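Report on one structure; see the data block that follows.
Residue indices begin at 1 and follow the sequence shown. Start at 1 and go down the list; that is how both ligands and their atoms are numbered. Small disclaimer: the values here were computed from a predicted structure and weren't measured.
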Amino acid sequence: MRPAAFLDRDGTIIEESGYLDRLDRLVFFPYSVDAIRALNRAGFAVVVVTNQAGIARGIVREVFVAEAHAHIAARVEAGGGRIDGFYYCPHYPTGTVAEFTRTCDCRKPRPGMLRQAAADLQLDLSRSFTVGDRWHDVGAGAAAGARGILVRTGLGAEEEKTPPPGVIPAAIVDDLAAAAAWILEHTRGTRA
Ligand SMILES: [Mg+2]
Ligand SMILES: [Zn+2]
């Protein structure tokens with residue numbers, strides 16, 4: 001079983017832009033492809049896990065999410081990297097689209113997406129990490145038995161000021177590049 005780096009999408013791999021609903025608003029951070037490639041080479045599965053409540057709220061269409069993820073996958077592959085899986089939660093407890101309006105086990109900080117990916121891809125959660133710009137990213141990691149890193153991009157610098165009780169990050173770093181470096185540094189000699 002491989003360890004994984006579960007990467008949040010908005011504010012972590014790409015710029016936070018509210019509810020992303022058009023490809024021309026999808027902007028990669030300049031280091032994201034390099035960071036993903038470094039994690040690939042160190043033996044980590046790289047899995048994108050993203051809350052997409054905009055689907056339940058009728059703001060974002062599921063076909064667009066698929067299009068955005070195909071675009072991200074292609075961009076990473078063009079740079080010599082690989083994303084092993086994309087998981088998104090389309091739900092929201094108070095949405096407007098009936099089919100997605102409910103509580104669920106996949107909306108971060110719940111661990112459903114991580115557990116599903118672990119089952120699909122044979123991942124060792126105990127050696128895995130989450131990286132994200134929200135405390136719910138760190139919380140999802142902890143709930144799944146992984147370790148969470150908060151990044152200061154996206155909403156992270158604001159989030160850093162208000163840590164919720166009981167949510168303990170493994171590290172708080174500036175961005176995904178620093179998070180990847182931190183993971184490699186702290187798993188040297190122990191990886192698959
Ligand atoms: Mg985010
Ligand atoms: Zn969900």
Side-chain angles (χ1 to χ4, degrees), residues 4-21 25-32 35-36 39 46-62 64-66 68-69 71-72 76 83 85-120 129-144 146-164 167 169-180 183:
F6 294 101
L7 309 184
D8 173 52
R9 193 189 81 180
D10 304 340
T12 302
I13 297 173
I14 61 174
E15 287 185 13
E16 169 65 50
S17 58
Y19 287 111
L20 179 70
D21 60 355
R25 293 173 57 219
L26 191 164
V27 180
F28 268 71
F29 289 121
Y31 45 75
S32 291
I36 290 166
L39 290 164
V46 174
V47 180
V48 174
V49 287
T50 177
N51 284 353
Q52 291 296 321
I55 296 171
R57 303 177 100 151
I59 300 166
V60 178
R61 289 160 61 232
E62 261 191 308
F64 175 75
V65 173
H69 292 177
H71 178 87
I72 290 169
V76 170
I83 292 174
F86 287 85
Y87 292 82
Y88 64 91
C89 167
H91 307 113
Y92 197 64
T94 55
T96 58
V97 179
E99 130 182 60
F100 300 118
T101 297
R102 61 178 175 89
T103 58
C104 64
D105 290 326
C106 44
R107 181 172 168 78
K108 295 179 284 187
R110 295 214 168 107
M113 290 191 283
L114 282 64
R115 290 200 176 132
Q116 186 64 51
D120 293 344
F129 295 86
T130 61
V131 181
D133 67 319
R134 304 288 301 275
W135 289 112
H136 65 224
D137 298 309
V138 176
R147 285 181 281 175
I149 298 174
L150 185 76
V151 291
R152 297 188 177 102
T153 49
L155 303 170
E158 281 302 308
E159 291 276 283
E160 185 180 7
K161 296 175 188 167
T162 55
V167 180
I172 301 177
V173 300
D174 280 348
D175 55 32
L176 178 57
I183 290 169

Do NZ/NE/NH1/NH2 and the carboxylate oxygens of Asp105 and Arg115 come within less than 4.0 Å?
no

Need the atom name: nearest N/O/S atom of Asp133 to the Mg ion (ligand 1).
OD1

Would you tell me whether Tyr88 and Glu62 have side-chain atoms, one donor and one acceptor, within less than 3.5 Å of each other?
yes

Asp8 backbone or side-chain N/O/S under 2.8 Å from the Mg ion (ligand 1)
yes

Test item: side-chain donor near acceptor, Arg102 and His91, under 3.5 Å:
yes

Please state the angle at the Zn ion (ligand 2) spanned by ND1 of His91 and SG of Cys104: what is it, rounded to 10 degrees?
100°

Under a 3.5 Å cutoff, is there a donor and acceptor pairing between the side chains of Asp120 and Tyr87?
yes

Counting backbone and side-chain atoms alike, does Asp10 have an N/O/S atom under 2.8 Å from the Mg ion (ligand 1)?
yes

